[in-house]
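Since the structure is predicted, the reported quantities are computational estimates derived from the model, not experimental observations.
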Amino acid sequence: FYDHSTGVVNNCIINDNVASNSGGGVYIQYAGSVSNSRISDNSVVSPASGSGGGVSMVHGGRLVNSVVISNSAQFRGGGIHTRYGGYVAHCTVADNKCIGQGGGLWMANDCTTWNNIVYYNIASISNNMWVHSSVVSNSCTTPGLGGSNFTNEPLFVNRNARNFHLAAGSPCIDAGGTHPAVNVDYEGNPRPVAGPGGGQPKYDVGAYEYQTAWDAGYTDIGGGWRRLTWFGDYVPMGDWIFHNKHGFWYPSPSSTPQNI
């Protein structure tokens, strides 16, 4: 995909593409945007200028709520290359590689990134992120960048199976910043939601918001029955439940104790 001004990519899968110089999957100049998309297994092949195996953005552009995995570049940015403005937010960038600089993300000259996971990437110089004159905040990457960023492993559900949802106990849960607000995650689930410990909802880092089950904290009372003090006694039956007073009940996948 190539955009020179204001193109929009949303809810797309972009994979198995090859480019010579820039943007194996997506190339943006100026004001285009990519959101809620999966960009994988793309490549740029020029040894002298091949940048942005998955995505390349120059003079602006935005990449939000997307999964950028297993892309490759020869020169800069195995996963993402961005320069002269533009921003990357709430993305999971993993298992990309670059022969040159920045296996996961290469960025320079007034770019901004926040709430991203950039981990398990490989390059000759700077495995995960190569950064110059740009701002990185509330992101999970290594080596450390200081400030609100952190180096702990993100703890995916099953990286080998390309399941990049956050596992319970991930340090990325509730670790995101609030600027600017993004109301849903890669899958369209609401953001922010409270983590497993409850409390005030906070943004998670990466493309996926950890979804706590609506009945978290139930007590097993035997015979398949569960009890919640605020809800009563019930039996889970696949997608439905049977409540001891109200009969069959269907809690939607996005239900929380606040909206059940």
Side-chain angles (χ1 to χ4, degrees), residues 11-18 24-26 34-45 52-55 63-74 77-81 88-106 113 115-130 136 138-145 149-176 184-189 191 193 195-196 203-213 216 253:
N11 289 320
C12 290
I13 296 174
I14 302 172
N15 69 311
D16 291 321
N17 300 285
V18 179
V26 178
V34 179
S35 59
N36 296 77
S37 294
R38 187 180 185 94
I39 303 163
S40 63
D41 303 289
N42 304 286
S43 61
V44 286
V45 297
V55 180
L63 178 64
V64 180
N65 268 350
S66 293
V67 178
V68 182
I69 57 170
S70 299
N71 303 282
S72 64
Q74 296 289 313
I80 303 167
H81 165 267
V88 181
H90 283 291
C91 290
T92 296
V93 184
D95 294 326
N96 303 283
K97 61 182 179 180
C98 183
I99 300 301
Q101 301 172 335
L105 170 63
W106 188 100
T113 70
N115 294 0
N116 299 294
I117 298 172
V118 187
Y119 228 94
Y120 305 120
N121 303 283
I122 298 174
S124 297
I125 302 172
S126 301
N127 282 333
N128 288 306
M129 299 180 71
W130 189 95
V136 182
N138 294 93
S139 291
C140 174
T141 191
T142 185
L145 297 175
N149 303 292
F150 53 98
T151 61
N152 311 65
E153 290 195 61
L155 299 185
F156 298 125
V157 169
N158 190 338
R159 174 186 161 209
N160 290 335
R162 292 190 169 188
N163 183 343
F164 293 95
H165 291 85
L166 301 178
S170 168
C172 298
I173 297 172
D174 289 349
V184 297
D185 72 354
Y186 166 71
E187 295 180 315
N189 294 314
R191 281 193 198 269
V193 298
Y203 287 91
D204 294 348
V205 172
Y208 296 94
E209 190 80 3
Y210 183 84
Q211 302 296 311
T212 304

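Asn17 and Asn42 are linked by a side-chain donor-acceptor pair at a separation below 3.5 angstrom, with hydrogens and angles left out of the test.
Taking 4.5 Å as the limit, some side-chain heavy atom of Val68 sits within range of a side-chain heavy atom of Asn96. Under the 4.5 Å side-chain criterion, counting only non-hydrogen atoms from C-beta, His90 is not in contact with Tyr186. Side-chain contact between Ile39 and Leu63 is present, with heavy atoms from C-beta onward closer than 4.5 Å. Val205 has its side chain within reach of Phe150: a pair of non-hydrogen atoms, C-beta onward, lies under 4.5 Å apart. Counting heavy atoms from C-beta outward, Ile117 and Phe164 have side chains that stay 4.5 Å or more apart. In this structure the side chain of Lys97 reaches within 4.5 angstrom of the side chain of Ser72, judged on heavy atoms. At least one side-chain heavy atom of Leu155 sits under 4.5 Å from a side-chain heavy atom of Pro171. Between Ile69 and Arg38, the closest side-chain pair of non-hydrogen atoms falls below 4.5 Å.
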Item to check | Stepwise side chain to side chain donor-acceptor pair (under 3.5 Å) check, Asp41 with Asn15 | outcome: CA-CA 5 Å; Asp41 303 289; Asn15 69 311; 5.1 Å; no
Next on the checklist: Checking Val44 against His81 for the side-chain contact (heavy atoms from CB on, under 4.5 Å) test, could you report, in this order, the C-alpha distance in whole Å, the side-chain angles of both residues, the deciding distance, and whether it holds?
Outcome noted: CA-CA 11 Å; Val44 286; His81 165 267; over 6 Å; no
Item to check | Trace of the side chain to side chain donor-acceptor pair (under 3.5 Å) decision for Asn121 with Asn128 | outcome: CA-CA 5 Å; Asn121 303 283; Asn128 288 306; 3.0 Å; yes
Item to check | Test side-chain contact (heavy atoms from CB on, under 4.5 Å) applied to Ser139 and Leu145, step by step | outcome: CA-CA 9 Å; Ser139 291; Leu145 297 175; over 6 Å; no
Item to check | CA sep, side-chain torsions, deciding dist, call: Gln211, Glu187, side-chain contact (heavy atoms from CB on, under 4.5 Å) | outcome: CA-CA 11 Å; Gln211 302 296 311; Glu187 295 180 315; over 6 Å; no
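Heavy atoms only, all atoms of each residue included: Gln74 and Val45 are closest at CG-O, 3.4 Å. Scanning all heavy atoms of the two residues, the minimum distance from Tyr210 to Leu166 falls at CD1-O, 3.2 Å. Here the shortest heavy-atom pairing between Gly78 and Cys98 reads N-CB, 3.7 Å. Taking each heavy atom of Gly100 and Ala123 in turn, the nearest pair found is O-CB, 3.6 Å. Taking every heavy atom of both residues into account, Ser66 and Ala207 meet most closely at O-CB, 3.6 Å.
Under a 3.5 Å cut-off, the side chain of Thr151 and the backbone N or O of Gly144 do not form any donor-acceptor pair. A donor-acceptor pair is defined here as one N or O able to donate and one able to accept, closer than 3.5 Å; such a pair exists between the side chain of Asn149 and the backbone of Val136. Judged by distance alone, with hydrogens and angles left aside, the side-chain atoms of Ser124 form a donor-acceptor pair with the main-chain N or O of Ile99 at under 3.5 Å. A donor-acceptor pair under 3.5 Å is formed between the side chain of Ser170 and the backbone N or O of Pro154. Remark: the backbone N or O of Val184 is paired with a side-chain donor or acceptor of Asn65 at under 3.5 angstrom.
Evaluation of the ring pair (Phe, Tyr, Trp, His ring centres under 6.0 Å) rule for Tyr119 yields no partner, not counting sequence neighbours.
Among pairs with a residue in residues 203-213, those fulfilling salt bridge (charged side-chain N to carboxylate O under 4.0 Å, His left out) read Arg191-Glu209, at least two apart in sequence or across chains. Within the structure, salt bridge (charged side-chain N to carboxylate O under 4.0 Å, His left out) pairs that include any residue of residues 166-175 do not occur (at least two apart or interchain).
Rounded to the nearest 0.5 Å, atoms OG (Ser37) and CG (Asn11) are 6.5 Å apart. To the nearest 0.5 Å, the span separating OG on Ser40 from CG on Asn71 amounts to 6.5 Å. Distance check: Thr113 OG1 to Ile80 CD1 gives 9.0 Å after rounding to the nearest 0.5 Å.
For the pairing with Tyr208, the side-chain contact (heavy atoms from CB on, under 4.5 Å) check across Val157, Asn189, Asn163, Val67 returns one residue only, Val67.
The pair Asp95-Arg162 does not meet the salt-bridge criterion, since no charged nitrogen lies less than 4.0 angstrom from a carboxylate oxygen.
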